[in-house]
Every structure is written in structure tokens, then in C-alpha cells.
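Data block below; observations after.
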Number of protein chains: 2
Amino acid sequence: MIAVRGLAGLKTRDLAREIGCANGAVYNLVADVDELVLRVGSRTLRRLDEALSAAVRAGNPSPQETLVRIAIAYCDFAAENLQLWRALFEHRMEADKAVPDWSIEDQMQLFRHIYVPLAALFPKRGAEELGVTARSLFSSVHGMVALGLEQKLVAVPLPALRKEIAGLVRAMIDGLIAQAA
Amino acid sequence: MIAVRGLAGLKTRDLAREIGCANGAVYNLVADVDELVLRVGSRTLRRLDEALSAAVRAGNPSPQETLVRIAIAYCDFAAENLQLWRALFEHRMEADKAVPDWSIEDQMQLFRHIYVPLAALFPKRGAEELGVTARSLFSSVHGMVALGLEQKLVAVPLPALRKEIAGLVRAMIDGLIAQAA
DNA sequence: ATATTTATTGAACGATGTTCAAGTTCTCTG
DNA sequence: CAGAGAACTTGAACATCGTTCAATAAATAT
């Protein structure tokens, strides 16, 4: 239902009707909608992880081109799974409720795809520093994808967005290498 | 109310009580909450615009350092106006309702801060191309700020985030210059 | 066959955005 | 300044949510 109607289109009553049970029975499967959304998010993250893994496996290019491929794969996955991908970031827990550990774990896993080629590029850097850089790289690509796929503003055609992302990722890495030298 | 309790904490009843009128009277000022949020967003964007303008005015550094200052100013503004800034991006209209022109206009204005120094750096590029690059730069910095200020994951201390942003912006620009050469 | 545990139901509760008929206040005119 | 007409205000009522829970049904154990 999230995939079809978006996160805001997920209603427990519709869901109950769809799976053929009473309204209240939904809460036998899940504590509340927050958990439901997080569990869907978990599946989405797993599929995203597979997509990124496939992008890394394909061919055996340089670490920098691997990073470019990861970024493009991220972009493609977001475009092809727009609503599910958006749900990952649109969803907010109530202020007092904590995100469960298994969900945090899911999110952290993704950084390793970026971490590995980055470590190859910057063997002098420590794990801590590499983690921060991996995070920054991910964040900036995420930002480009998020705002690029937002039809709210000017709609950027997907091929143009992919090209733009590839260009900026290469620029970032080239720049980082130049800084390190 | 958005500034204090966040976008989700804005309730029309509370608002009516706060401004001292009946529930329904809110709708004399505003068609619906969507418009209310967009009008608050408009003010936030204006203040953000001022903050970026101030960052550009301060000193008279190179175009690349100007871009770094803009990025840092964006980060600082987001940190100091966290809830209001978040509301700009968290808010979603219902699928069938369009964002009004005046709100779109507000958003577009911001890119000019990036556009100007970028045009100085890449005088050979056309307006179209510069616009796309400006957008990409903004998007990637936005992504870093958005995920960096999310306490959901590991909380990055603000000074570290600023440093990280400055580093990556310099890397991106250096990389873009190298590509153009 | 009966008792006990487990699962399911759907009505009801509380919150929330929004509407609107009725009441109130303001304003302009004779 | 009186009073009619316009404009505004009110708060109860509606629809839509997520969520709860006593009552009921089903499954399982004795």
C-alpha cells in the first residue's frame, strides 16, 4: 500500500480490508503503524542493499568508478521504488519513542558499500575518518537524489540526474584525492 | 508553534487557543493548514535568504570560499532553526493539490546565491548548465545537513559537521574545476 | 466432553482538520 | 443616532484517523 499510495496513503482500515481481517486484528501482527512502517522500511533497505551489491559486483573498475556506480544505483533504486524509498525518510517517530535497534542496524549496513572503495582510495586514513567521509558522501548523493526526484520543483529528467550525480561524485572524489595529496 | 513543537506538533485547536479565537476562525486567515505551513515556510525562506546574503557579504573572498561560506551558513541556519527548517522539507501537499506559485518563487530565489559565484568560477558555461550545477551543489549540501542534523542516527557534533561540509564543498569545486580544465 | 487458552471481531474512544448555521459585532446610511 | 446590511466569530457537529477492549468465536489441552 505504501508503494502504491505513498506513506500518507497507508490507512490501517484499508490495510485490514486488504488482508481480510478486522481493524483491530492488525495489532496482532504489529504494535502500531510505526512498527509497520519500519518493517516495510527494513525490507526496502534490504532490497536497496542488494541493488548496491549488484552494482559493486558488476565489472571490476577502479574504486572511484565503483563509488560512481553505487551512487547511480542508489539513484536508480530510488526512482524505481519512489514511494517505498521516500517512506524511509519521510517517516518520523513520535518524539518520545525511540527507533528500535534492528532498524538502526539496517540503516548502518548500507555504509559499508561506500566504506570499502573509500578505504582503498585513502589507505592512510583511519576507520573513524573513513566512516565520516562515507557518511558525507552518502548524504550528498542522497540529497541530490531526493531533491532531483521531487517533482515539486522543476522536474529533472532521470538521465540528466544520473549524469549530474556521476559528475559530482567524480568531482568530490577527485577533490578529496587532491586534498589528501 | 512549529518552531517549538515541530510540524507534527501544529494543531489547529491549539493554535486557535493560542491566538485567542474559536477553532473555525483560523480558516478566516488561511484556507487550510497547507497554506498555513507554506506561509510559515515563506517566512523561514526569507530569513534563510538573509542569512545567506549576510554570509556572502562578509569579507570578499574567492568565489570558492564564498560557496563554502554559503554552505556553512546554510548548515548554521538549519541548526539554529531546526524545526522551522525541517518543516520546509517535511511538509507534503495532498497529491492532487498544487503548490502555489508564490511558494515556488520563494524556493527558487535561493539558488541565486550559489549561481553568482559559480558563474564567476565557470565563465564558459551557459546559464542552463550553471543552473543545474547550482542545484546539484545545493542538493548535496542540503543532504549533508539534513542527515547530519538527524539525531536519529549517530549524532554528529555541529563543529564536525561544519568542517565536513567545508571539506566536501571545497573538494567538489576543486573537482569541478579540474574536470573543466 | 469440557475447560482453558488463544485469536478475532467490530463497536467505541479520542484526536484532528474542516464546515457551517446561528449569533455577534461592525459599518455605513437616512 | 437608529437600524439595516455586511462581515466576522463562535462552537457544535462531521468525517477520518489510529488505537483499545469487552465480547465472542476458535483452537487446544485435559
Side-chain angles (χ1 to χ4, degrees), chain A residues 1-45 82-104 106 152, chain B residues 1-45 82-104 106 152:
Chain A
M1 293 188 63
I2 292 175
V4 173
R5 292 196 237 286
L7 186 56
L10 172 66
K11 307 290 146 99
T12 58
R13 282 177 173 78
D14 295 347
L15 182 65
R17 183 149 22 86
E18 180 130 334
I19 66 184
C21 71
N23 299 336
V26 170
Y27 296 90
N28 293 334
L29 311 170
V30 130
D32 49 26
V33 277
D34 278 338
E35 186 191 334
L36 179 55
V37 172
L38 289 179
R39 299 223 105 105
V40 172
S42 200
R43 292 190 190 182
T44 306
L45 283 172
L82 191 54
Q83 303 277 33
L84 287 170
W85 173 75
R86 275 189 184 157
L88 291 175
F89 301 94
E90 283 183 10
H91 178 65
R92 307 257 156 231
M93 305 280 284
E94 283 169 36
D96 51 350
K97 223 166 35 167
V99 180
D101 286 343
W102 55 263
S103 182
I104 302 265
D106 284 341
K152 202 196 289 190
Chain B
M1 293 187 63
I2 292 176
V4 173
R5 292 195 235 283
L7 185 56
L10 172 66
K11 307 288 146 101
T12 58
R13 280 175 173 79
D14 294 347
L15 182 65
R17 183 147 23 86
E18 181 131 334
I19 66 183
C21 70
N23 299 335
V26 170
Y27 296 89
N28 294 332
L29 311 171
V30 131
D32 48 26
V33 277
D34 278 337
E35 186 191 334
L36 179 55
V37 173
L38 289 179
R39 298 224 107 104
V40 173
S42 201
R43 291 191 192 180
T44 307
L45 284 172
L82 190 55
Q83 301 278 33
L84 287 170
W85 173 77
R86 276 188 184 158
L88 292 175
F89 300 94
E90 283 183 10
H91 178 66
R92 308 256 155 230
M93 306 279 285
E94 283 169 37
D96 51 350
K97 224 167 34 168
V99 180
D101 286 344
W102 55 263
S103 183
I104 301 266
D106 283 341
K152 201 196 288 190

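Sequence lines set the chain letters: A, B, ... in the order given, protein chains first and strands last, and positions in each chain run from 1.
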Query raised in the report: Given A/Leu36 and A/Leu15, is the side-chain contact (heavy atoms from CB on, under 4.5 Å) satisfied, shown in steps?
Result: CA-CA 11 Å; A/Leu36 179 55; A/Leu15 182 65; 3.5 Å; yes
Query raised in the report: For DNA chain C, which residues in residues 23-30 of chain B have a heavy atom at a distance below 4.0 Å?
Result: B/Gly24, B/Tyr27
Residue list, salt bridge (Lys or Arg N to Asp or Glu O under 4.0 Å) with [X], at least two apart or on another chain:
X        : answer
A/Arg17  : A/Asp14
A/Arg39  : A/Glu35
B/Asp106 : none

Query raised in the report: For DNA chain D, which residues in residues 12-22 of chain A have a heavy atom at a distance below 4.0 Å?
Result: A/Thr12, A/Arg13
Query - Angle by which the axis turns from one end of the helix from C/dA1-D/dT30 to C/dG30-D/dC1 to the other, five pairs per end, to 10 degrees - result: 20°
**Report entry** Backbone N/O of B/Leu38 and side chain of B/Ser42: donor-acceptor pair under 3.5 Å
**Finding:** no
Report summary line: For B/Ala25, the side chain to side chain contact (heavy atoms under 4.5 Å, CB included) test, sequence neighbours excluded, returns B/Cys21, B/Asn28
Report summary line: Sorted by chain and residue number, the side chain to side chain contact (heavy atoms under 4.5 Å, CB included) partners of A/Thr12 (sequence neighbours excluded) come out as A/Tyr27, A/Val33
Query raised in the report: How long is the gap from CD on B/Glu90 to CD on B/Gln83, to the nearest 0.5 Å?
Result: 8.0 Å
Report summary line: In short, salt bridge (Lys or Arg N to Asp or Glu O under 4.0 Å) pairs touching residues 19-33 of chain B with sequence neighbours left out are B/Asp32-B/Lys97
Query - First-last contacting nucleotides on DNA chain C - partner chain A, under 4.0 angstrom, heavy atom - result: C/dT8 to C/dA12
